[in-house]
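In what follows, a structure is listed as structure tokens, so that the remarks can point back to it.
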Amino acid sequence: MGKDTIADIITSIRNTDMNRKGTVRILSTNITENIVKILLRDGFIESVRKHRAIDKDFLVLTLRHRRNRKGSSKSILNLKRISRPGLRIYSNYQRIPRILGGMGIVILSTSRGIMTDREARLERIGGEILCYIW
């Protein structure tokens, strides 16, 4: 685990999904909890539970899988990190990209907290684009 916690959780979820594992354990911080709440609410993951181990809190995510998947390249989750510590990407509410014509979501960090692209457009607020999920 490095210093970029968002990239760490995205990589952990992507690797777990490609290897057809059922659960993934990620470090619990405020930002990861908010991102996981969005993933749970939009149906990208099935369930979340908190786990405490020696002075650290973890989130255990249960991923949603397709029934008849063939090959490890067909994953149900596609995640892409956009803004990173070396290059921050900001957008106003009018220029927030639409992923697959609205089928995917964009997670943004705004002045009112972490939210999806739909919520940001409704509230007419922009922010830092954290990642795309489709």
Side-chain angles (χ1 to χ4, degrees):
M1 296 257 178
K3 295 191 185 257
D4 189 8
T5 57
I6 299 169
D8 289 341
I9 65 166
I10 287 173
T11 303
S12 297
I13 292 172
R14 185 184 310 120
N15 290 342
T16 302
D17 188 50
M18 285 192 318
N19 291 327
R20 298 182 186 178
K21 302 289 182 191
T23 60
V24 60
R25 188 176 83 163
I26 59 173
L27 192 61
S28 177
T29 62
N30 287 337
I31 197 162
T32 57
E33 286 181 12
N34 290 329
I35 290 173
V36 166
K37 284 179 189 175
I38 290 173
L39 292 174
L40 183 64
R41 185 181 65 217
D42 287 345
F44 289 104
I45 57 175
E46 279 188 27
S47 65
V48 178
R49 64 184 166 90
K50 279 197 170 191
H51 177 70
R52 180 145 178 97
I54 313 170
D55 290 345
K56 291 187 179 181
D57 289 331
F58 292 96
L59 296 174
V60 179
L61 311 177
T62 304
L63 301 181
R64 186 176 302 264
H65 289 287
R66 292 183 189 155
R67 295 272 184 226
N68 297 323
R69 281 192 359 197
K70 294 179 182 165
S72 63
S73 63
K74 296 192 178 203
S75 62
I76 193 167
L77 278 177
N78 290 311
L79 301 106
K80 184 176 181 184
R81 176 81 158 119
I82 302 302
S83 185
R84 51 192 172 91
L87 179 64
R88 303 288 186 186
I89 306 294
Y90 296 96
S91 176
N92 62 9
Y93 75 95
Q94 297 165 335
R95 295 182 186 249
I96 297 172
R98 294 184 190 274
I99 306 301
L100 294 177
M103 296 292 289
I105 62 172
V106 178
I107 297 180
L108 295 118
S109 176
T110 67
S111 59
R112 296 186 190 156
I114 294 178
M115 59 179 66
T116 64
D117 55 337
R118 294 179 198 104
E119 295 168 347
R121 282 190 199 97
L122 285 176
E123 294 189 23
R124 300 176 68 115
I125 188 169
E128 180 183 355
I129 300 176
L130 297 178
C131 59
Y132 298 158
I133 301 170
W134 69 96

Open item on the list: Pair Leu39, Ile13 - check side chain to side chain contact (heavy atoms under 4.5 Å, CB included), show working.
Closed with: CA-CA 11 Å; Leu39 292 174; Ile13 292 172; 4.0 Å; yes
Open item on the list: How close do Ile105 and Thr116 get, counting heavy atoms only, and between which atoms?
Closed with: CD1-CG2, 4.4 Å
Task: Gap between atom OG1 of Thr29 and atom CG of Asn34 - 0.5 Å precision - done: 8.5 Å
Open item on the list: Can you give me the closest heavy-atom contact between Tyr93 and Ala120, atom names plus distance?
Closed with: CB-O, 4.0 Å
Task: N/O donor-acceptor pair under 3.5 Å between Arg25 side chain and Phe58 backbone - done: no
Task: Spacing of CZ belonging to Arg14 relative to CG belonging to Asn78, to within rounding of 0.5 Å - done: 8.5 Å
- [ ] For Arg64 and Gly43, indicate whether the former's side chain and the latter's backbone hold a donor-acceptor pair under 3.5 Å.
- [x] yes
Task: Rounded distance [0.5 Å steps], CD in Glu46 versus CG in Leu61 - done: 11.5 Å
Open item on the list: Is any side-chain heavy atom of Ile125 closer than 4.5 Å to one of Met115?
Closed with: yes
Open item on the list: Working note: Ile31 + Ile114, criterion side chain to side chain contact (heavy atoms under 4.5 Å, CB included); need CA distance, chi angles, decisive distance, verdict.
Closed with: CA-CA 8 Å; Ile31 197 162; Ile114 294 178; 3.2 Å; yes
- [ ] Flag yes if Met103 and Leu122 sit in one hydrophobic cluster, no otherwise; membership is Ile, Leu, Val, Met, Phe, Trp, Tyr, and two members link when side-chain heavy atoms are under 4.5 Å apart.
- [x] no
TODO: Taking all heavy atoms of Pro85 and all of Arg81, pick out the closest pair and write down the distance.
DONE: CD-NH2, 4.2 Å
TODO: From the options Ile35, Val36, Asp42, select the one residue that forms a side chain to side chain contact (heavy atoms under 4.5 Å, CB included) with Ile38.
DONE: Asp42
Open item on the list: Quick check: closest heavy atoms across Trp134 and Phe44, and the distance to 0.1 Å?
Closed with: C-CE2, 4.3 Å
TODO: Any chance you could measure Ile10, atom CD1, to Ile107, atom CD1, to the nearest 0.5 Å?
DONE: 7.5 Å
- [ ] Count the heavy atoms of every other residue, nucleotide or ligand shown that sit under 6.0 Å from CZ of Arg52, and state whether that count exceeds 12.
- [x] yes
TODO: Would you give the length of the straight line joining atom CG of Leu63 to atom NZ of Lys21, rounded to the nearest 0.5 angstrom?
DONE: 12.0 Å
TODO: Find the distance between CD1 (Ile99) and CG (Asp117) and round it off to the nearest 0.5 Å.
DONE: 7.5 Å
Task: Donor-acceptor under 3.5 Å (Arg118 side chain, Gly102 main chain) - done: yes
Task: Closest non-hydrogen atom pair between Leu108 and Ile129, with its separation - done: CD2-CG1, 3.9 Å
Open item on the list: Are the side chains of Leu27 and Asp8 in contact, using a 4.5 Å heavy-atom criterion?
Closed with: no
Open item on the list: Run Ile82 and Val106 through side chain to side chain contact (heavy atoms under 4.5 Å, CB included) and show every step you take.
Closed with: CA-CA 10 Å; Ile82 302 302; Val106 178; over 6 Å; no
Task: Exercise: identify the closest heavy-atom pair between Val60 and His51 - done: CG2-CB, 3.9 Å
Task: Transitive ILVMFWY side-chain link Ile96 to Ile89, under 4.5 Å - done: yes
Open item on the list: Strictly distance-based, threshold 3.5 Å: is any side-chain N or O of Arg84 a donor or acceptor partner for the main-chain N or O of Asp4?
Closed with: no
TODO: Measure from the side-chain N and O atoms of Ser109 to the backbone N and O of Leu130, and report whether any donor-acceptor pair falls under 3.5 Å.
DONE: no
